[in-house]
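Computed from a predicted model, the values in this text were never measured in an experiment.
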Amino acid sequence: MNQYSKLVSTEIAKVLRETPFELDLSVDDVMQLLEVPSDSSHGDHAFPCFTLAKQLRKSPAMIASDLADRVQAQLTESDAFSQIKSVGPYVNFHVDSSHRAKSLIPAIVFGDFLSRRPDKACRVMVEYSQPNTHKAFHVGHTRNVALGDALVRICEWAGYDVIAANYIGDVGAHIAKCLWYFRTFYTGEIPDERRGEFLGEMYTRAVELLDFSLLTRAPHPGVVTARVQSIQPHPNKKNLQIVKVESGNQVNQVVCGGTGFAVGDIVPYANVGSRVGGRIVSVADFEGVESNGMVCSEKEVSLGDDNLKIFVFPNETLVGEEIAEILRVDGALPPTQSVIKEIEKRERGVSEVLHALEQGEPEITELWKKTRQWSLDEFDEIYEWLNARFDHIFYESDVSDSGKSVVKEFLEKGVLVKSEGAIGADLSQFKLPFFLLLKSDGTGLYSTKDIALAQLKFEKFKVDKSVYVVDYSQSLHFQQVFKTLGLMGFEKADLCYHLPYGLVVLPEGKMSSRVGNIILFSELQERLVDTIRTQYLSKYEGEWSEDEINASARRIAIGTIKYGMLNHDNNKNIVFELTEWTSRTGNTGPYVMYAYARIASILAELDEIDENEIQYELLTHETENDVMRRLANFPSVVCEAAESYQPQLVCVYVYTLAKDFNRMYENCPVKQAETESLRVARAALIKATGMVIKKALELIGVEAVERM
RNA sequence: GCCCCGGUAGCUCAGCUGGAUAGAGCAACUGACUUCUAAUCAGUAGGUCACAGGUUCGAAUCCUGUCCGGGGUGCCA
């Protein structure tokens with residue numbers, strides 16, 4: 001949407017109202033139909049005549065030709081268009097390049113073309129990054145920061161009142177695991193720097209020890225083999241069966257919904273009190289029939305993906321044995337040592353730490369505070385280096401208590417319901433699964449805190465819109481959060497938006513601490529800065545100050561990372577290969593930055609431009625026109641990026657602008673222009689181009705460099 | 001099972017509110033540095049837009065179905 005499309009639409013609407021057309025289309029209707037030709041040789045705006053053909057019962061081409069003549073006749077006074085012409089079924093409008101230059105270039109260079117759009121009186125909170133303390137910060141987290149920070153900048157420019165928020169995970173099981181390992185097993189030195197990363201290492205080692213699939217293929221203590229004695233249909237419920245299983249010298253009756261087993265089969269049986277799928281198996285009543293324990297599906301005992309099909313052991317398997325022992329991994333533990341005991345011992349260790357943390361025991365709390373700060377300090381360094389801004393930081397520890405009370409409050413109000421001893425929201429009216437908010441043991445969940453956090457955002461920060469930048473694996477979770485907030489009566493719940501994004505994966509697959517192929521942020525940072533320094537900036541050693549070389553290397557590294565992270569569809573995974581990212585030319589951040597540096601170096605050798613001396617009509621070259629056409633689009637691209645939460649649009653834009661510029665650079669010399677006045681006009685154009693590139697880069701969080 | 005997301009050149013990706021000949025980068029090949037910075041530019045080659053129907057004057061784009069890949073699916077975060 002710009003001045004020309006409005007002008008075109010107005011004129012077309014006017015002509016259409018007259019004979020012989022006599023069609024009453026509003027200016028907006030026409031503007032809707034108007035399009036930008038994919039090939040710029042077709043002009044700047046095109047009006048397709050297909051839709052009119054039916055109503056007028058004439059061929060689109062004839063209508064186009066007639067329409068072109070009449071609009072042309074009407075616009076004889078205006079010098080806005082150099083050509084209005086029908087091509088087949090289209091009416092093509094070519095904007096006069098000097099007309100455009102006259103309004104566009106001064107607006108950019110001397111006017112407010114690049115300033116923030118008018119205030120929308122809409123406060124939007126963008127929550128992003130959300131790192132966990134006691135865990136490593138890796139390249140995947142960097143994508144989130146790049147996205148969130150760019151969104152903050154873009155929305156702000158588009159006129160929103162933006163609060164950039166962080167939500168740091170400083171409580172929970174991962175911390176207990178980290179501290180458990182650190183206290184129980186670690187005997188080495190504590191490093192002086194990068195202590196956050198060190199904690200990440202502690203956490204990773206803890207996870208390795210707690211990965212019981214390395215000890216047994218079925219890490220489920222309390223689940224034993226049992227023989228099926230009888231199967232009878234359930235009297236009241238079609239999908240259920242009453243199964244009697246015998247293990248050891250006991251026979252138990254179980255109500256079971258699984259399939260794929262028969263009398264005589266040996267199946268996994270979880271006794272009352274054991275734990276399957278994270279919850280304790282208890283005596284339950286299924287439609288009037290008592291069930292003692294459960295018969296487990298493949299998935300429930302980690303032996304397959306099917307959640308309905310009951311796992312069946314070979315017929316010669318011993319009955320009444322722990323399945324974890326039967327399926328133990330050879331060599332993982334000495335044969336004399338019990339897998340079950342080892343699993344239980346390690347789990348107990350972690351849960352003792354977790355419990356102590358929740359009870360606020362002094363010693364462990366001190367350790368928590370101290371180590372938490374190590375991580376926080378490291379995050380600060382990372383954000384500072386990346387130039388990411390936060391206006392407010394929430395901590396999970398701040399909302400964990402309030403979350404529980406909010407849930408209880410809304411349980412009493414009848415908004416939330418009790419189910420199987422736990423509390424949650426019934427979202428079946430929205431065709432969403434039940435949303436668990438408080439565990440049956442009364443402890444909170446991630447969801448509990450999210451509800452309290454949202455309440456805080458609405459009530460204390462008075463936000464109108466709330467954006468959550470969180471990876472796509474949590475899409476369902478946020479749908480549930482927002483619907484629950486709606487049930488709780490928050491009017492702004494509909495204005496919450498989860499911005500999902502894909503993972504950063506390696507060519508060989510996902511990053512995983514188990515495979516040990518995680519690329520830490522610090523590694524990315526170091527390798528990138530190093531490559532840029534040695535490959536590109538070494539030629540300036542001695543010429544530039546050491547400070548400038550360092551500063552430039554950092555900015556170019558940031559440009560590489562952020563542009564690389566943002567120039568993808570949000571939903572898609574990014575395949576990350578460090579060597580490619582450090583060496584690639586072409587569609588990259590440095591390509592765009594290089595275009596800016598070229599402009600800066602030309603301008604540095606020219607005199608200051610006098611606004612009154614610019615003769616815009618001299619800018620007639622095709623490549624110059626392409627650049628100007630692109631420049632004019634800047635505001636609408638940024639606004640669209642803000643509305644659709646797609647910083648990528650800004651990347652695509654600034655890349656094509658840089659490409660247009662480089663083409664112009666080859667064809668239209670500035671310093672060696674034929675005449676002095678042409679030099680001035682071109683200088684003004686490249687100045688405007690440079691300013692737009694710089695602003696666009698700034699909006700994706702990248703600082704341009706004057707030379708590189 | 002159900003829900004969500006994706007499938008475009010050898011590779012990595014744009015294009016998706018329907019519109020003119022489906023575009024970039026990388027890799028390959030050809031050419032351009034006595035020239036405002038070659039981190040560049042000009043060119044060659046590379047396509048059954050997963051598949052099949054449907055809607056339409058017109059479909060990579062919208063609808064339906066199928067296949068393939070990823071994610072999620074009540075006591076993890």
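Counting only heavy atoms from C-beta on, E420(A) has its side chain closest to G74(B) among C36(B), G74(B), A77(B). When distances are taken from the side chain of S419(A) to each of C36(B), G19(B), G74(B), the shortest belongs to G74(B). When the nucleotides G74(B), U73(B), U37(B) are ranked by their closest atom to the side chain of A422(A), G74(B) comes out on top. Nearest nucleotide to the side chain of K439(A), out of U37(B), C76(B), C5(B): C76(B). Considering only the side chain of L649(A), G15(B) comes nearest among G15(B), U37(B), C13(B). The side chain of N571(A) has G6(B) as its nearest neighbour among U73(B), A20(B), G6(B). Among U40(B), G19(B), C75(B), the nucleotide with an atom closest to any side-chain atom of S440(A) is C75(B). For I602(A), counting side-chain heavy atoms from C-beta on, the closest listed nucleotide (G70(B), C36(B), A42(B)) is C36(B). Nearest to the side chain of K572(A), among G7(B), C41(B), C75(B), sits G7(B). Which of C36(B), A39(B), C75(B) sits closest to the side chain of T585(A) comes down to A39(B).
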> Does the pair R372(A) and S397(A) meet the rule for a side-chain contact (heavy atoms from CB on, under 4.5 Å), with working shown?
Replying inline: CA-CA 11 Å; R372(A) 173 182 182 269; S397(A) 54; 4.2 Å; yes
>> Show, in sequence, the C-alpha distance, side-chain angles and deciding distance for V504(A) and M565(A), and conclude whether the side-chain contact (heavy atoms from CB on, under 4.5 Å) test is met.
In response: CA-CA 9 Å; V504(A) 179; M565(A) 291 293 177; 4.1 Å; yes
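Checked against a 6.0 Å centroid threshold, the rings of Y501(A) and Y472(A) do not count as neighbours.
The cationic group of R598(A) lies under 6.0 Å from the six-membered ring centre of Y665(A) and within 45° of the ring axis, placing it in a cation-pi geometry.
Note on N662(A): a side-chain N or O is less than 4.0 Å away from OP1 or OP2 of C41(B). For the OP1/OP2 pair of C57(B) and a distance below 4.0 Å, the side-chain nitrogens and oxygens of K54(A) include at least one atom meeting the criterion.
Nucleotides G72(B) and A9(B) place their P atoms 27 Å apart, quoted to the nearest Å.
Within 4.0 Å of M593(A), counting heavy atoms only, lies no atom of the nucleic acid at all. Using a 4.0 Å heavy-atom cutoff across all strands shown, A46(A) reaches at least one base atom of the nucleic acid.
Sequence order on RNA chain B of the closest nucleotides to M664(A) and V652(A) puts V652(A) first from the 5' end. Residue whose closest nucleotide on RNA chain B sits further toward the 5' end, between Y665(A) and N132(A): Y665(A).
Between the side chain of N144(A) and the backbone N or O of D471(A), no donor-acceptor pair lies under 3.5 Å.
Stacking here means ring centres nearer than 5.5 Å and ring planes tilted less than 30 degrees, and by that measure H477(A) does not stack onto G72(B). By the 5.5 angstrom centroid cut-off and the 30-degree plane limit, Y90(A) is classified as not stacked against the base of G19(B). A39(B) has Y536(A) stacked on its base ring, the centres lying under 5.5 angstrom apart and the planes within 30 degrees of parallel.
In the interface, the side chain of D450(A) is not paired with the base of A77(B) through any donor and acceptor atom under 3.5 Å apart. Counting atom types as modelled, S38(A) pairs no side-chain N or O with a base atom of G19(B) as donor and acceptor under 3.5 Å.
When only modelled atom types and interatomic distance are considered, H45(A) and N92(A) share no side-chain donor-acceptor pair under 3.5 Å.
Spacing between atom CD of E622(A) and atom P of A42(B) amounts to 12 Å, rounded to whole angstrom units.
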